[in-house]
Structures are given as C-alpha cells and as structure tokens.
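Worksheet for the structure shown next.
Sequence lines set the chain letters: A, B, ... in the order given, protein chains first and strands last, and positions in each chain run from 1. Being a predicted model, the structure only gives us computed values, none of them experimental.
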There are 2 protein chains.
Amino acid sequence: MNTRQEVLDFVHHGAERFLPHLSIDCAIFGYHDHELKTLLIRHHGQENWSLPGGYIGRHETLTEAAHRILAEKTQLTGLFLQQFYTFGDSATRMNNIKTEQTHNTTYSKVGVSLSPGHWLSERTLSIGYYALVDYLQVVVTPEFLVDEYCWLNVADIPQELVYDHNEIIQKALLTLRAHIFQQPIGYNLLRDKFTLPEIHSLYETILCKQIDRRNFRKKLLTLGLIRQLDEQKKIGPHRSPFLYEFDLENYSRALEDGSILTF
Amino acid sequence: MNTRQEVLDFVHHGAERFLPHLSIDCAIFGYHDHELKTLLIRHHGQENWSLPGGYIGRHETLTEAAHRILAEKTQLTGLFLQQFYTFGDSATRMNNIKTEQTHNTTYSKVGVSLSPGHWLSERTLSIGYYALVDYLQVVVTPEFLVDEYCWLNVADIPQELVYDHNEIIQKALLTLRAHIFQQPIGYNLLRDKFTLPEIHSLYETILCKQIDRRNFRKKLLTLGLIRQLDEQKKIGPHRSPFLYEFDLENYSRALEDGSILTF
DNA sequence: TTACAATGCGTAAATTCTACGCAATAAACT
DNA sequence: AGTTTATTGCGTAGAATTTACGCATTGTAA
C-alpha cells in the first residue's frame with residue numbers, strides 16, 4: 001500500500017477482500033558478515049518496532065498469502081518460507097484495547113479512527129512464518145504507513161516490540177536453530193556458490209556456538225550435502241578458498257534416510 | 001453440544017461466541033498393546049470420518065480453546081497438547097462449496113439449512129493440535145451431531161477423511177515422530193510407573209521400526225531420562241520386570257544441553 | 001625474505017553405536 | 001519334580017563416529 005487512497009480503500013473495504021481475525025507475521029532473517037539480522041518496520045506514529053505482516057486474501061491460499069506479503073516487503077519471490085506457529089494466547093491477542101489504540105495512532109495518518117467494531121480492531125490471531133533471504137539482494141520498499149525500517153542484529157532486538165512480536169521472533173529463532181539440522185538452510189542465505197569459511201561462519205552465527213572448522217567441512221562433505229567445485233574465489237586476502245555448492249539431491253536423500261547433523 | 005437446543009443455539013448465535021474463519025482440529029493419539037490409535041468421529045449424515053475439532057471462543061486463549069475441545073471429547077484435562085501446524089491451503093479450505101454441502105447434511109439433523117453467508121459456511125482455516133492420551137483412561141462422550149466414534153489404528157486410517165483431515169493427521173504423525181526425540185512423549189502415553197518392555201514397545205510402535213531392547217535401555221538410562229525403581233511388577237508371566245519412571249528434571253536438562261536421542 | 005594469517009587435508013584418541021551373548025527368573029509342560 | 005521355554009536384565013567386543021588437534025600450503029604484508 002503506497003498511497004493514501006490505497007490505505008483508505010484497505011480500511012473501508014478490506015474486510016471484503018481479506019479474512020478478519022487472522023494475520024500473518026513474518027520474521028525475515030538475513031545474514032551478512034557473521035551477523036544474523038531481522039527486518040523490522042516502524043509504522044506511522046508507533047514508538048516500537050514490528051515484524052512485517054499482512055492479511056490473508058479471501059481467494060488466496062495461506063501459502064500464497066505468505067509469499068505475497070514477503071514479496072511486498074522484500075521484492076523477492078520464490079524464497080524459503082516456513083510456517084512455524086500460530087499465536088493466539090498473549091494478552092495483546094486477547095483483549096483488543098491496546099491493539100485498537102495502537103492501530104488508531106497509525107491510521108490517523110489517513111484521517112480515520114477505527115470504531116470498536118471495525119474489522120481491524122477485532123481480535124486477531126497471527127500465523128508466524130520465517131523467511132531466509134540473501135541480505136544484500138533485498139530491496140526494502142517502504143509503504144505509506146511505514147515510517148522507518150531497519151535490519152537489526154538478532155542479538156540487538158529491543159525488548160519492546162509491538163504486541164507479542166518479541167514472542168514470535170524468539171520462537172522463530174528457536175525453530176530456525178532446530179531446522180538447521182534438517183534442512184539446507186544455507187541454501188537460501190548464501191549465494192549459489194560459497195566458500196567454506198562463509199558457510200561455516202553462517203552456522204556458527206545461527207547456532208551461537210563455535211564449530212571446529214575442519215570437522216565441519218568433513219561432515220558436510222562426507223554426507224554429500226555440499227560439493228566442492230574446481231573454481232577458487234581469487235579475491236580476498238591470503239589463501240584463495242575453493243567454492244562449494246549445495247547438493248540438494250543428496251540433501252533430500254539424506255533427510256529421508258534420517259541422517260542427522262550434529263555439531 | 002448434547003441437545004438439539006444447544007446445537008440450534010450454536011448455529012444461530014455461535015458467531016457471537018466464537019471466532020469465524022478459524023477452527024481447531026485435534027489428532028488424539030492413544031497407545032495400547034503395541035498399537036497407536038487415533039480417535040475419529042463421524043458426524044450425522046456423513047459417510048467419512050473426521051478428526052474431533054471445535055471453534056475458538058472469543059474470550060478464551062488459543063491454548064484454552066484447544067484444551068477445552070480436547071476435554072469435551074475425552075473428559076480428560078491437563079493432557080499433553082501440542083500445536084503443530086495451521087492449514088489453509090487445500091482445495092476444501094479455499095472454496096467452500098464442498099464444505100457447505102457437507103455441513104448442511106450434518107445440520108439437517110436439527111432442521112437448519114446453512115445459507116452461503118452463514119458463519120459456518122465461510123472459509124475456515126484450521127489450527128492443528130495433537131494430543132497424547134492414555135488410551136484406557138479416555139471416556140468418549142458422543143455429542144448430539146456425532147453418529148459414531150472409533151479408535152482406529154493409525155495404519156488403518158481410511159484415505160477418505162472429510163476435508164483435508166488426511167493431510168492433518170499425516171502431518172501430526174510426522175511431527176510426533178520428530179518430537180519423540182526431543183520430548184518425554186512416553187510420559188503422557190504411559191502411566192507414571194512403567195516397565196521397560198512397555199516403553200520400548202511404545203517407541204517401536206511410534207517410530208515404526210525395531211529398536212534393540214538392550215541398547216534402548218542403555219541409552220535412556222545413560223542419559224538419565226528414566227530412573228529404575230526398586231519395585232518389580234509381580235503380575236505377568238515369566239520373569240518379573242522392574243518398574244521405571246521418567247526423570248523429568250534430567251529430561252529438560254538434557255534438552256537444554258542439546259543431547260539428541262537416536263535409535 | 002620473512003612473518004603471519006587463512007585455508008585445506010590428515011590422523012590418533014576418545015567416545016558412541018551396534019550387534020550380539022548369556023545368565024536369571026517365572027510360567028508351562030512332561 | 002524336573003525340564004523346557006519365553007521374557008527380562010546386564011555385559012562386552014568390534015565397528016563406526018565424533019572430537020581434538022597437527023601441519024603443510026598459499027597469498028599478503030612488513
């Protein structure tokens with residue numbers, strides 16, 4: 001939503017196009033230079049940051065909605081996107097008093113005040129998704145109601161996000177760390193070809209622990225999850241590292257066999 | 001809902017008490033004698049079986065709703081209940097044509113025909129939970145609209161459950177099998193004190209594979225997940241097996257340490 | 001040239017996993 | 001009563017895997 005007119009239409013006719021009581025919130029993880037970052041946005045008039053989110057169109061599947069919302073924020077399609085939990089317990093998801101006030105502040109930018117019965121004021125459960133993106137490829141598009149956005153290191157996320165977004169992002173991180181043992185997480189956070197130090201540092205960053213460089217390489221190669229290429233990355237200081245790529249076929253086969261990664 | 005009057009009230013005034021567009025479906029797993037069973041119900045007029053389910057009250061949390069629905073079906077409270085996925089993709093969750101017809105057949109028992117705009121006819125996403133119960137403790141209470149219920153071996157579940165319930169139960173099983181390595185699953189399916197053959201058979205049943213009896217015992221004892229008691233179960237033929245109990249403290253400590261069970 | 005950091009490769013020790021053997025016990029059978 | 005048999009508890013050798021390093025190689029910088 002990039003214009004005042006679009007926002008007004010959304011407020012007044014959104015209930016015809018979207019399902020009420022349900023939203024999607026998306027923890028978008030991007031990796032760069034030993035740091036795992038999340039995309040946060042600040043809506044107009046809000047003091048605190050939010051996760052990017054949106055509503056489910058009445059004629060699109062849940063998965064389609066999640067991808068659309070992700071694409072609206074990052075301009076990227078076909079990304080790795082994983083549903084991890086639906087949130088409907090926290091105080092802010094029960095009584096909509098705070099929600100109403102918060103919403104009202106934002107929508108005052110287009111001169112509307114949401115009545116208590118308005119569809120945007122009602123109790124809303126949120127379906128949480130997390131996405132993995134190449135940090136450098138993302139072009140964030142600010143929307144009409146978004147004052148500010150930022151990529152924040154996951155360690156630096158403030159304690160006071162709006163609603164229950166702190167809970168959502170914590171659960172997303174926990175899920176990501178559990179999934180890293182069972183899915184080619186790096187495939188979506190790195191470029192097609194990557195060096196061993198790059199993927200090694202990625203795993204160390206996500207898991208928040210040190211992993212022996214040499215054993216890490218051995219394990220991924222032995223299981224056939226990555227494949228060493230002939231090319232070397234010439235740029236960079238000191239010795240030129242080889243390039244590697246994921247072997248997705250082997251990866252899925254290993255998953256079926258029940259091979260488990262441990263570090 | 002046990003009377004015609006309650007059902008009529010639910011149909012006509014349910015939208016005031018429950019959130020539309022959302023339901024909870026529950027895969028209730030019970031274990032007994034080497035077999036993993038699921039509770040299925042058959043609504044009035046339906047040819048196919050369903051998972052037990054219900055709606056979310058406007059003034060209860062999502063978790064409260066799940067426990068209430070479970071208690072309504074099994075008369076048991078405080079059970080292990082785990083949310084695992086929210087379903088909003090399948091054809092039956094997109095167009096509500098089939099849903100309308102199916103619903104209408106059931107509600108014809110109380111003489112109502114649901115109009116297209118009726119809250120029960122609208123598109124509904126379903127939040128999936130799975131529960132683990134002691135099969136023998138459950139007292140299933142048939143409701144007014146339920147013609148029949150049964151405990152069906154998970155291997156014998158028919159291919160034609162209503163809506164996307166086959167998909168839901170498959171995902172529940174997959175999740176259960178993944179969680180068995182990280183949570184004291186047996187704690188909720190067995191009694192407080194159990195014998196080694198009992199828990200061994202439970203794990204074999206859930207994982208659908210044979211596990212060496214002796215290594216299985218060694219692993220659980222070494223990790224401190226179960227504790228051997230002095231008592232022996234005198235009943236039963238042949239040698240009297242010792243009784244064991246879960247060591248929940250050690251269990252949660254092992255989880256934090258990241259110890260992983262493998263069989 | 002030399003020092004140094006980054007990268008790739010190997011190996012020995014420690015640990016864990018796996019596949020069994022076997023004794024002890026209690027019921028069933030001759 | 002003695003024998004057979006199924007069930008349970010416990011141990012152990014060998015295989016496999018994990019872990020902790022050593023070290024040579026390469027490119028950059030002093």
Side-chain angles (χ1 to χ4, degrees), chain A residues 33-34 180-182 186 190-191 193-205 207 209-245 247 250 254-255 257-263, chain B residues 33-34 180-182 186 190-191 193-205 207 209-245 247 250 254-255 257-263:
Chain A
D33 192 25
H34 294 237
I180 202 177
F181 296 106
Q182 291 153 348
L190 300 168
R191 261 142 296 189
K193 298 175 182 178
F194 49 86
T195 68
L196 211 60
E198 280 169 355
I199 189 175
H200 175 242
S201 146
L202 168 67
Y203 273 68
E204 282 196 336
T205 304
L207 291 174
K209 74 178 212 183
Q210 296 213 323
I211 303 167
D212 186 281
R213 199 164 44 83
R214 296 150 288 193
N215 294 335
F216 177 79
R217 172 176 179 273
K218 209 185 320 179
K219 183 162 290 179
L220 291 186
L221 281 176
T222 305
L223 288 173
L225 308 187
I226 61 173
R227 198 174 20 229
Q228 185 170 346
L229 301 172
D230 278 341
E231 311 169 58
Q232 283 180 284
K233 198 169 184 177
K234 285 284 162 69
I235 43 168
H238 307 297
R239 188 168 179 186
S240 309
F242 278 99
L243 286 173
Y244 294 79
E245 63 180 8
D247 186 332
N250 258 333
L255 282 184
D257 296 351
S259 313
I260 294 180
L261 275 175
T262 51
F263 294 117
Chain B
D33 193 25
H34 294 239
I180 203 176
F181 296 107
Q182 290 153 351
L190 300 168
R191 262 143 293 194
K193 297 174 181 178
F194 49 86
T195 69
L196 212 60
E198 282 169 354
I199 188 175
H200 174 242
S201 147
L202 168 67
Y203 273 67
E204 282 196 335
T205 305
L207 291 175
K209 72 180 217 181
Q210 297 213 322
I211 304 167
D212 186 280
R213 199 164 45 83
R214 297 150 286 195
N215 295 333
F216 178 77
R217 173 176 178 273
K218 212 183 321 180
K219 184 163 289 180
L220 291 186
L221 282 176
T222 305
L223 288 172
L225 307 187
I226 62 174
R227 199 174 18 229
Q228 186 169 346
L229 302 172
D230 278 340
E231 311 168 58
Q232 283 178 282
K233 198 168 185 179
K234 285 282 162 69
I235 45 170
H238 307 295
R239 187 168 181 189
S240 310
F242 279 99
L243 287 172
Y244 293 79
E245 63 181 9
D247 186 332
N250 257 333
L255 283 184
D257 296 352
S259 314
I260 294 180
L261 276 175
T262 51
F263 294 117

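Across the interface with DNA chain C, nearest-nucleotide mapping of Asp212(B) and Thr262(B) shows Thr262(B) to be the residue nearer the 5′ end. Mapping Arg213(B) and Lys219(A) onto DNA chain D by nearest heavy atom places Arg213(B) closer to the 5' end of the strand.
Ile211(A) has its CD1 atom 11 Å from the P atom of dT19(D), to the nearest Å. Put simply, CZ on Phe216(A) is 14 Å from P on dT18(D), counting in whole angstrom units. Computed from coordinates, the Gln228(B) CD to dT8(D) C1' distance equals 11 Å when rounded to whole Å. Summarising the geometry, the separation between CG on Leu261(B) and C1' on dC17(C) is reported as 13 Å, rounded to the nearest angstrom. To the nearest angstrom, C1' of dT8(D) lies 13 Å from CG of Leu243(B). Rounded to an integer number of Å, the gap from CZ of Phe194(A) to P of dT7(C) is 15 Å. For the pair Gln232(B) CD and dT25(C) P, the interatomic distance rounds to 9 Å; values are reported in whole Å. Counting to the nearest Å, the P atom of dA6(C) and the NE2 atom of His200(A) are 13 Å from each other.
For Asn215(B), counting side-chain heavy atoms from C-beta on, the closest listed nucleotide (dA19(C), dG27(D), dG8(C)) is dA19(C). Picking from dT19(D), dG9(D), dT18(C) the nucleotide with the shortest atom distance to the side chain of Tyr244(B) gives dG9(D).
Between Phe216(A) and Phe263(A), the two ring planes are tilted [angle within 30° to 60°].
For the side-chain contact (heavy atoms from CB on, under 4.5 Å) with Tyr244(B), the lone residue among Leu221(B), Ile199(B), Leu225(B) that qualifies is Leu221(B).
With salt bridges taken as basic N to acidic carboxylate O contacts below 4.0 Å, one links Arg227(A) and Glu245(A).
A pairwise comparison of heavy atoms in Glu204(B) and Gln210(B) identifies OE2-CA, 3.4 Å as the closest pair.
In this structure, the side chain of His200(A) engages the main chain of Ile211(A) through a donor-acceptor pair within 3.5 Å.
For the OP1/OP2 pair of dT7(C) and a distance below 4.0 Å, the side-chain nitrogens and oxygens of Thr195(A) include no atom meeting the criterion.
At a cut-off of 3.5 angstrom, the base of dT25(C) holds no donor-acceptor pair with the side chain of Arg239(B). With hydrogens and angles left out, the side chain of Lys218(A) and the base of dT18(D) share no donor-acceptor pair within 3.5 Å.
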